[in-house]
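Some notes on the structure that comes next.
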Amino acid sequence: MEPVRLLPGFRDFYPEAFRLRRHFATIWRQVAGLHGFSEYDGPVLEALDLFRKKSGEEIERQLFAFTDKGDRAVALRPEMTPTLARMVAAKAASLRRPVKWFSIGDQFRYERQQKGRLRCFTQFNADLLGEEGPAAEVELISLLAASLRAFGLTEEDFCIRISDRTFWIHFLETRGITGETARGVLGVVDKLERESPEATRQALGAVVGEAAADPLLEAIRRLVAVRDLGELEAIAGNGVDAGALGAARERLALWAELMADLEAIGLGDFVQVDLGVVRGLAYYTGFVFEAFDRKGAFRALAGGGRYDGLVELFGGPSLPAAGFAVGDVVLEELLRERGKLPPLVEAVDVYLVVGENSRRPALEAAAALRAHGYRVEYALKAGGFGKQFKAAAQSGARLALTFGPDEIARGVCKVKDLAARTEEEVPLASVLTAVARHFQA
RNA sequence: GUGGUAGUAGCUCAGUCGGUUAGAGCACCAGAUUGUGGAUCUGGGGGUCGCCGGUUCAAAUCCGGUCUACCACCCCA
């Protein structure tokens, strides 16, 4: 028989790997709870239209899409936001605001896999809806930082770079660049870090024309080099369109509020103004942010931003919204590289060593101990005591309880502290209290 | 979807001027040890050398294709 292989880009989670998966989920639930977010989930399979609606038809190439037996065009979800937007849109009238929801779930993308990117991965998503001001971003960035710091990552390890699509739009307007051309320019900005200066210049020339390219490129380079608000203000002042200039200045007031709040909650060393972050998504409408490894060796750890139009797009009221997602794949790579993966061991509390004709009393004890919440394991097959003690040691149990013919005949069992290597005899009737005594200490 | 590199045991790998029955370490199982420990020693299971085809008396080894993985591009919600 030919073995059936794992699908490309998918993973098996053997117990050891699953422990890490569970660890991620535990930490994310914990920090989300600390921020007052409620957990939700939606279906893994959705109507294809849900994703087309948001991202356009060209996105289909990256979708696990197919026709089901009822002739419906469906797709595995590539991200959580459309599902969230649909759910919120359907109940928006009755939801208490702000809506603060999070989810932990698998996402699917039909892409060639590579470092940090698989076809099925787990995302922690958090969204805050109903708040139009930067207070939403503050709360979300606070949660994002917490969801990384909880793994032991510090300001030495990661940084959250914050940008602003609205500022970019206004800035380009001051230079008479709007609409499709503006989008094209942002596409060039997005690639600025990765492309050679010549390629960038050429791409920009193709978008805005040769005459405008050089001065614009100069201005863009100054903008993306900005790391604090003062510089931003100075650069924003050099425009020709007075109306756009005013709009850009209004954004700066929101920036000031955002950064001051982040400073106040202790994230000053974790966040950075960086207009080089654009994010590909067309639906982002305001502040956008990405969490990066400080050393720049990995893909983005997380990304998010404001998407004020999306709930309305899904048939709901006009509802301001922002959110972010953290993926498990890059995070695991980073934690592994930094030696921050915790030793995740699964250990029982008590291991029963069972001798000849002693199975029943041992089973009774196991049942009683389990009923009291102790994790109990014992050898399923009778074997030598040496072998059973070896198994007891490997099980990670704190105690080994010996049930042999000698003990049973005398109405006792032996309780051994495996770490201290000390052993005592206790009457069968008081096994529970003897075990309890060891676990109290 | 495009390009580059690679594929030998569960894992890490050795093994090519083409030549007997393909190896080691780790892991797993058993025995030494039928009543007390993660050690040690001995033994064992586990491979159609990714798959298919070609060249050859003979292929893990050379050639072609294919699949998969890794890296990069496209994309990155």
Side-chain angles (χ1 to χ4, degrees), chain A residues 1-12 14 16 46 50-56 58-63 75-85 107-119 121 123 125 127 187 190-191 194-195 199 277-284 288 290 299-305 307 310 323-327 329-330 333 345 347 351-358 379 381-409 413-423:
Chain A
M1 263 297 244
E2 205 167 301
V4 178
R5 306 181 60 130
L6 200 60
L7 254 20
F10 285 76
R11 297 171 283 180
D12 283 328
Y14 287 86
E16 195 184 349
E46 292 268 18
L50 185 78
F51 306 119
R52 275 208 286 240
K53 196 170 216 165
K54 196 194 88 177
S55 310
E58 76 283 359
I59 213 71
E60 272 183 66
R61 192 168 77 100
Q62 319 264 3
L63 287 177
L76 290 169
R77 65 185 181 201
E79 59 166 326
M80 211 54 209
T81 311
T83 298
L84 170 87
Q107 317 295 336
F108 305 84
R109 294 178 190 178
Y110 197 87
E111 299 176 293
R112 198 74 158 267
Q113 69 166 307
Q114 55 188 279
K115 186 177 168 64
R117 189 163 76 179
L118 301 174
R119 286 183 168 184
F121 53 95
Q123 268 189 348
N125 271 260
D127 293 89
D190 190 36
K191 291 188 172 63
R194 303 187 290 273
E195 295 280 5
V277 174
V278 175
R279 294 189 67 72
L281 271 313
Y283 65 83
Y284 282 121
V288 292
E290 285 192 336
R299 294 175 167 278
L301 285 161
Y307 51 94
L310 210 56
F324 71 85
V326 187
V329 180
V330 179
E333 284 173 352
V345 291
Y351 194 98
L352 306 188
V353 174
V354 185
E356 290 292 316
N357 300 317
S358 312
K381 267 188 296 221
F385 276 36
K387 181 165 293 191
Q388 290 195 48
F389 269 92
K390 189 171 174 175
Q394 285 177 332
S395 78
R398 191 183 301 185
L399 299 179
L401 271 49
T402 304
F403 294 80
D406 297 352
E407 288 83 2
I408 301 304
C413 89
K414 285 181 177 148
V415 177
K416 182 167 188 176
D417 183 315
L418 286 166
R421 294 183 181 248
T422 55
E423 196 171 56

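In what follows, chains are A, B, ... by sequence order, proteins preceding strands, each numbered from 1.
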**Request:** Please assess Asp127(A) against Tyr307(A) for the test side-chain contact (heavy atoms from CB on, under 4.5 Å), listing each intermediate value before the final yes or no.
**Result:** CA-CA 10 Å; Asp127(A) 293 89; Tyr307(A) 51 94; 2.5 Å; yes

**Message:** What I'd like to find out is whether the side chain of Thr83(A) reaches to under 4.5 Å of the side chain of Leu50(A), using heavy atoms alone.
**Reply:** yes

**Complete:** Separation of C76(B) atom C1' from Phe108(A) atom CZ, nearest Å, is 17 Å

**Asked** Rounded to the nearest Å, what distance is computed from the CZ atom of residue Phe121(A) to the C1' atom of nucleotide C75(B)?
**Response** 13 Å

**Base-pair map of RNA chain B as dot-bracket, where | denotes pairing with a different strand and pairs are Watson-Crick or G-U under 3.5 Å** = (((((((..((((.....[...)))).(((((.......))))).....(((((..]....))))))))))))....

**Prompt:** Using atom C1' of each nucleotide, how far apart are C51(B) and A6(B) to the nearest Å?
**Reply:** 16 Å

**Asked** Nucleotide by nucleotide, 5' to 3', does protein get under 4.0 Å of the base (B), only the sugar-phosphate (S), or neither (-) in nucleotides 33-46 of chain B, counting heavy atoms?
**Response** --BBBB--------

**Prompt:** Across the strands shown, which category fits Pro78(A) at heavy-atom distances under 4.0 angstrom: base, sugar-phosphate, nothing?
**Reply:** base

**Message:** Could you tell me how far G45(B) sits from G10(B) if I compare only their P atoms? Round to whole Å.
**Reply:** 15 Å

**Prompt:** With sugar-phosphate meaning primed atoms plus P, OP1 and OP2, does Gly327(A) contact a base, only sugar-phosphate, or nothing at under 4.0 Å between heavy atoms?
**Reply:** nothing

**Prompt:** Asp12(A) has an atom CG; how far is it from atom P of C11(B), in whole Å?
**Reply:** 12 Å

**Message:** Can a donor-acceptor pair be found, under 3.5 Å and without considering hydrogens, that links the side chain of Glu79(A) to the backbone of Gln107(A)?
**Reply:** no

**Asked** Atom CG of Leu6(A) to atom C1' of U68(B): distance rounded to whole Å?
**Response** 11 Å

**Request:** Applying salt bridge (Lys or Arg N to Asp or Glu O under 4.0 Å), name anything that partners Lys414(A), two or more places apart in sequence or on another chain.
**Result:** Glu407(A)

**Prompt:** With a 4.5 Å heavy-atom cut-off, do Ser358(A) and Ile408(A) have their side chains touching?
**Reply:** yes

**C1'-based separation of U42(B) from G4(B) [nearest Å]** = 48 Å

**Prompt:** Could you give all pairs that pass the salt bridge (Lys or Arg N to Asp or Glu O under 4.0 Å) test and reach residues 107-116 of chain A, with sequence neighbours left out?
**Reply:** Glu111(A)-Arg117(A)

**Item:** Pairwise C1' distance, C49(B) and G15(B) [rounded to whole Å]
**Value:** 10 Å

**Item:** Heavy-atom side-chain proximity of Phe108(A) to Arg119(A) below 4.5 angstrom
**Value:** no

**Item:** Distance, P atom - from C67(B) to C11(B), rounded to whole angstrom
**Value:** 22 Å

**Complete:** With sugar-phosphate taken as primed atoms, P, OP1 and OP2 and all else as base, the protein-contact string of nucleotides 1-10 of chain B at under 4.0 Å (heavy atoms; B, S, -) is BB--------

**Prompt:** Distance between the P atoms of G23(B) and G47(B), in whole angstroms?
**Reply:** 14 Å

**Item:** Residue pair Phe389(A), Thr402(A): steps toward the side-chain contact (heavy atoms from CB on, under 4.5 Å) verdict
**Value:** CA-CA 9 Å; Phe389(A) 269 92; Thr402(A) 304; 3.5 Å; yes

**Request:** Using whole Å, report how far CZ of Phe324(A) lies from C1' of C76(B).
**Result:** 18 Å

**Prompt:** Is the phosphate of C70(B), meaning OP1 or OP2, less than 4.0 Å from a side-chain N or O of Gln113(A)?
**Reply:** yes

**Prompt:** Using the P atom in both, what is the distance from G3(B) to A24(B), to the nearest Å?
**Reply:** 41 Å

**Message:** For Gln114(A) and Arg299(A): C-alpha separation, side-chain torsions, deciding distance, then whether side-chain contact (heavy atoms from CB on, under 4.5 Å) applies.
**Reply:** CA-CA 11 Å; Gln114(A) 55 188 279; Arg299(A) 294 175 167 278; 3.0 Å; yes

**Prompt:** Is there side-chain contact between Asn125(A) and Leu84(A), with heavy atoms separated by less than 4.5 Å?
**Reply:** no

**Request:** Could you tell me whether a side-chain N or O of Glu46(A) sits under 3.5 Å from a main-chain N or O of Arg77(A), the two making a donor and an acceptor?
**Result:** no

**Most 5' of Arg109(A) and Pro8(A) on RNA chain B, judged by nearest nucleotide** = Pro8(A)

**Request:** With C1' as the reference atom in both, quote the distance from C52(B) to C13(B) in angstrom, rounded to an integer.
**Result:** 27 Å

**Request:** Using side-chain contact (heavy atoms from CB on, under 4.5 Å) as the criterion, list what pairs up with Ala397(A), not counting sequence neighbours.
**Result:** Val348(A), Tyr351(A), Ser395(A), Leu418(A)

**Request:** Go through the steps to decide whether Leu118(A) and Arg11(A) satisfy the test side-chain contact (heavy atoms from CB on, under 4.5 Å), and finish with yes or no.
**Result:** CA-CA 9 Å; Leu118(A) 301 174; Arg11(A) 297 171 283 180; 3.3 Å; yes

**Message:** If I take atom CZ in residue Arg299(A) and atom P in nucleotide C74(B), what distance separates them, rounded to the nearest angstrom?
**Reply:** 11 Å

